[in-house]
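Note sheet for the following structure.
A note on names: the letters A, B, ... follow the listed sequences, proteins ahead of strands, and every chain is numbered from 1.
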Number of protein chains: 2
Amino acid sequence: MTSVLVVDDEPQIVRALRINLSARGYDVMTAYDGKSALGVAVEGKPDVVVLDLGLPDLDGVEVIAGLRGWSSVPIIVLSARTDSAAKVEALDAGADDYVTKPFGMDELLARLRAAVRRGLTRDVADPVVETSSFVVDLAAKKVRRDGHEVHLTPTEWGLVEVLARNPGRLVSQKQLLREVWGPKHLTESQYLRVYFAQLRRKLEADPAHPRHLVTEPGMGYRFEL
Amino acid sequence: MTSVLVVDDEPQIVRALRINLSARGYDVMTAYDGKSALGVAVEGKPDVVVLDLGLPDLDGVEVIAGLRGWSSVPIIVLSARTDSAAKVEALDAGADDYVTKPFGMDELLARLRAAVRRGLTRDVADPVVETSSFVVDLAAKKVRRDGHEVHLTPTEWGLVEVLARNPGRLVSQKQLLREVWGPKHLTESQYLRVYFAQLRRKLEADPAHPRHLVTEPGMGYRFEL
DNA sequence: CCCCGGCCTCAAGAACGCGTAAAGGTCGGC
DNA sequence: GCCGACCTTTACGCGTTCTTGAGGCCGGGG
């Protein structure tokens, strides 16, 4: 599911976007000021950010810079300012697109699709992730170990998929919970413990000392190749 | 040098763009209709395409489709049509941006820079901050020293993350406490001393004389590269 | 000279998060 | 209605991490 972070201090705009985006199958996160936006972005790893420039706490350019410091997520800027100086500033700070308010929802959605499409083409790398003891085929949704196929339940596969798409990276508990169980179960970290135990029994040579499905206590999990 | 393909059937627009782009160091190619545009694109492999939609021979969407068949080069569409249907159509066909005529040259150039930037950063590595004795990978949340990975606890990582995102800059005690422990612990500067001692033991060659995790007495801490 | 504020170090108990097992609960197929 | 597969929930032992207090060091000011 594609996730969108909407940042705006006007509740009615956030509400309108949430309704429209949710109806089209996007997973919507929201923030009402710049600092919390940065926090949510770190936690949730959205696929695209819709950012209003008139935030109460931080200047829009600062928010863009804060995101660009560590992420290349597409950023679509919303603003009431129509002068080109504002557009140039935002785009040169690292924004991907600039839409002036009032905006047409159709157009925004189209620009959002364009931004997401670009973001995706970046990591359509080889759909097979391989470790020393098992192989994950992301396209076929299959896992093989010693030549034999290992049967995974839907939830187990969901976890493996998210991890295999971020090999070597630390994936936060919240991101796993959001992508596998949905945004309403962000605190059910016990699920993760139960399922990681199962996955290790199925995939690790020594489940008590996992080499590939690694826990980073207090932070998340990591898929080591 | 960055190369731009300008496609428009109005000579004065092509001329204006050629002058402006050349003056800014771009290598400019031109075409006046859709078919030759596709030919020039194949021959010249431009880094970005500026495409007018009102071409004499082909519909704009066809040109976009023709390019997208083999290339993921960024496409910026120019058009006199302001209705959202036209924008949606072009963007969904694979365009990256849509600018309505008449357009401001500053804005077009900024959107062009944004498009080129995206094209370049397509597959760069994770953002890493590097010092002479250790390496911080912000996306993977990893720290390596002498090739070996160093394990950090969540609090330790929180500090390193804030510092690494502000390399060389002085970060006040309050900012560190607020970002790692939250706004209710702004006076617990002892936490910082304890954790900086731990981090120096883990990361510095000579923990008693830190070179990278530097204390600025009475003010805060600084991450020296 | 001594005092004091700010810093570093060390250590120990409390609090937290993890892994594991096993017991309910739900759903669809037979 | 029964059964199996899967998901959710509870409970508990254990290791790690966080917090907290005490003591020592250093430099500036009285």
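A heavy atom lying under 4.0 Å from DNA chain C marks the following residues of residues 216-225 of chain B, by number: B:Pro217, B:Gly218, B:Tyr221.
Ring centroids of B:Trp157 and B:Tyr195 are separated by 6.0 Å or more, keeping the two rings apart.
No engagement by B:His185 is indicated, since no non-hydrogen atom pair under 4.0 Å with the nucleic acid exists. Within 4.0 Å (heavy atoms only), B:Ser189 reaches no atom of the nucleic acid at all. Looking at heavy-atom distances under 4.0 Å, B:Gln173 makes contact with sugar-phosphate atoms alone, never a base.
By the salt bridge (charged side-chain N to carboxylate O under 4.0 Å, His left out) test, A:Glu156 is found to be paired with A:Lys202, residues two or more places apart in sequence or in another chain being considered. The salt bridge (charged side-chain N to carboxylate O under 4.0 Å, His left out) check on A:Lys174 picks up nothing, with sequence neighbours excluded.
For the OP1/OP2 pair of D:dT19 and a distance below 4.0 Å, the side-chain nitrogens and oxygens of B:Trp181 include at least one atom meeting the criterion. Checking the phosphate oxygens (OP1, OP2) of D:dT9, a side-chain nitrogen or oxygen of A:Tyr191 falls inside 4.0 Å. Taking only side-chain nitrogens and oxygens, A:Thr215 never comes nearer than 4.0 Å to OP1 or OP2 of C:dC18. Using a 4.0 Å cut-off, no side-chain N or O of A:Arg193 falls inside it from OP1 or OP2 of C:dG19. Taking only side-chain nitrogens and oxygens, A:Thr153 comes nearer than 4.0 Å to OP1 or OP2 of D:dC7.
One atom, CZ of A:Phe196, and another, P of D:dC7, lie 14 Å apart when rounded to the nearest Å. If you take CD of B:Gln190 and P of C:dG6, they are 13 Å apart, rounded to a whole angstrom. Taking atom CG on A:Leu177 and atom P on D:dC7, their separation rounds to 14 Å, with Å as the unit. Distance, B:Lys202 NZ to C:dT9 C1': 16 Å, rounded to whole Å. Between B:Gln198 atom CD and C:dC10 atom C1' the separation is 11 Å, expressed in whole Å.
Counting non-hydrogen atoms of neighbouring residues, nucleotides and ligands closer than 6.0 angstrom, the CZ atom of B:Arg222 exceeds 12 such neighbours.
With respect to A:Lys101 and A:Asp8, a salt bridge is recorded, a charged nitrogen being found less than 4.0 Å from a carboxylate O. A salt bridge is absent between A:Lys142 and A:Asp137; no separation between the charged side-chain nitrogens and carboxylate oxygens falls under 4.0 Å.
Side chains of B:Ser79 and B:Tyr98: a donor on one and an acceptor on the other come within 3.5 Å.
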